[in-house]
Amino acid sequence: MSLRITLLGTGTFALPPFRALLESTEHEVVGACTQPDRTGRGHHRHVNQVKVLAEEFNIPVFQPERVNTIESLGALRELQADVFVVAAYGQILKPEFLAIPRLGAFNLHGSLLPRHRGAAPVQYAIWKGDEQTGVTMFQIEPALDSGPMVGKIETNIQPLETSGELMLRLADLSAELTLSVVHQLDLATAVFEPQDVSQVTLAPKIRKEDGNIDWTQTAVQVECQVRAMQPWPKAVTWLHSAGRKPIRCILPQVEVGAESSACRSGRIALEDGNLVVSCGSGHVNVLKIQPEGKAAMEARDFANGYGLSDAAHFGGAT
RNA sequence: CGCGGGGUGGAGCAGCCUGGUAGCUCGCAAGGCUCAUAACCUUGAGGUCGGCGGUUCAAAUCCGUCCCCCGCAA
């Protein structure tokens, strides 16, 4: 027995599971649906990696601007898929859409549902300081990330792990999970476990502003936020110093320092070459910093070149 | 042809507008001081000022062009 599978996905999160299915001899991938190409800096167009992957295996690719239109639905219906495997696709799927595959549409989600339902589960797991996370595969229902779960794999979040790094690890686990679940669907042995509604938390799409650091948070919260926002949208703060306009700075990496006496939040001190910033509770050492228009640099180099005064502090844009 | 910042000894920056001796904070090396040092003092090495072309008596600086890095926007 072999299933006909259609892939829907866009981000790097989708690549490992999609590749696993494409390389599998057990099933047949009959099509791939992904977001239209987007433009990048300058004139350059971002290469859609899912498209490249699908073309590598000579699979037909669809890139509808809106996936729920009559035309789009018709095109996908013609593939006569048994299963849709969805990962980081980026568009809401309407009921008529979900009705197309014989066995249903299944989504790969980057957290242990029902925790962190929404667009940014990986970032939220780190942001909220979770020790454990994982990937969950569930059957898609019209309501957001609410369908019955058919499999999950757990993993511990590493102390220094960023969203980007965790995302790659979860993507690899997704590949494993997908093969397992699809196999069970084929044999009709899959177990559908409803989500415990009382445990639901939300992980809405990360906005640019979510990267802005609020220095009245605890040092631990700031450090989690920095890792959660890496590599996007990146943790951001502004360097304020007397007589100069604030410099927007990205903080790619910080570490939590020892507890210390209370200082005004955002205050910067130089201690033994470290850039120490006071938080609402405790302080963090800034390890790397990237002023606007510049490449990332060691905090020590930044302090050397930018002539930090005693009054210098980090804060909001104004 | 989306907008903008940047390229100056090993690192980070100033100098450029208003052409005329290569500067600052560090790092590195040697020596000194000290019970001691990621402290302090002295000395030293290390630069085709991103590339090419132009203007000029003279270009890091002005003009043209190309290459590379980065932020924003999407």
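Here is how names work: the chains are called A, B, and so on, in the same order as the sequence lines, proteins then strands, and each is numbered from 1. Given the structure is predicted, the values throughout are model-derived calculations rather than measurements.
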* **Base paired to B:G31 (Watson-Crick or G-U; both N/O distances under 3.5 angstrom)** => B:C41
* Separation of A:Ile247 atom CD1 from B:G6 atom C1', in whole Å? -> 13 Å
* Asked: Can you check whether A:Lys294 has a side-chain N or O nearer than 4.0 Å to OP1 or OP2 of B:G7?
  -> no
* Closest to the A:Ile250 side chain: B:G71, B:G6, B:G12? -> B:G71
* To do: Report the distance from atom CG of A:Leu239 to atom P of B:G12, rounded to the nearest whole Å.
  => 18 Å
* **Atom P, compared across B:C66 and B:G2: separation rounded to whole Å** => 15 Å
* To do: Provide the distance between the two C1' atoms, one in B:G12 and one in B:G51, to the nearest whole Å.
  => 24 Å
* To do: Nearest whole angstrom, please: distance from the P of B:G71 to the CD1 of A:Ile289.
  => 14 Å
* Got a salt bridge between A:Glu161 and A:Arg169, using NZ or NE/NH1/NH2 to carboxylate O under 4.0 Å? -> yes
* To do: Could you point out which residue of A:Leu53, A:Val67, A:Val61 forms a side chain to side chain contact (heavy atoms under 4.5 Å, CB included) with A:Thr34?
  => A:Val61
* To do: Check the angle between the aromatic planes of A:His313 and A:His240 and answer parallel, tilted or perpendicular using the 30° and 60° thresholds.
  => parallel
* To do: Select one nucleotide: of B:A11, B:G6, B:G71, the one nearest the side-chain heavy atoms of A:Asp301.
  => B:A11
* Strand partner of B:G2, provided both Watson-Crick or wobble distances fall under 3.5 Å -> B:C72
* Asked: Rounded to whole angstroms, how far apart are CZ on A:Phe302 and P on B:A14?
  -> 12 Å
* To do: For B:G46 and B:A58, measure between their C1' atoms and round to the nearest Å.
  => 27 Å
* Atom CD of A:Glu209 and atom P of B:C72: how far apart are they, to the nearest Å? -> 13 Å
* What distance, rounded to whole Å, do you find between the two C1' atoms, one in B:G4 and one in B:G9? -> 29 Å
* Nearest-Å distance once atom P is located in both B:U8 and B:C52 -> 16 Å
* Would you mind reading off the distance between A:Arg300 atom CZ and B:C24 atom P, rounded to a whole angstrom? => 19 Å
* **Identified pairing partner of B:G23, criterion: Watson-Crick or G-U wobble below 3.5 Å** => B:C13
* Asked: For B:C52, which nucleotide is its Watson-Crick or G-U wobble mate, given both distances must be under 3.5 Å?
  -> B:G64
* Is the gap between the ring centers of A:Phe314 and A:Trp238 under 6.0 Å? -> no
* Asked: What is the distance from CD of A:Gln290 to P of B:G5, rounded to the nearest Å?
  -> 17 Å
* Is A:Arg102 salt-bridged to A:Asp82, cutoff N-O under 4.0 Å? -> yes
* Integer angstrom distance from the C1' of B:A30 to that of B:C67 -> 40 Å
* Return the 5'-most residue of the pair A:Gly293, A:Arg248 with respect to RNA chain B, ranking by each residue's nearest nucleotide. => A:Gly293
* Partners meeting side-chain contact (heavy atoms from CB on, under 4.5 Å) with A:Thr189 (sequence neighbours left out) -> A:Gln184, A:Leu187
* Asked: Taking the side chain of A:Ala295 as heavy atoms from C-beta outward, which of B:C69, B:A73, B:C13 is closest to it?
  -> B:C69
* Asked: When the C1' atoms of B:C35 and B:A45 are considered, how many whole Å apart are they?
  -> 32 Å
* Rounding to the closest angstrom, what is the interatomic distance between B:A38 and B:C62 at atom C1'? -> 44 Å
* Between P of B:C26 and OH of A:Tyr306, the distance in whole Å -> 17 Å
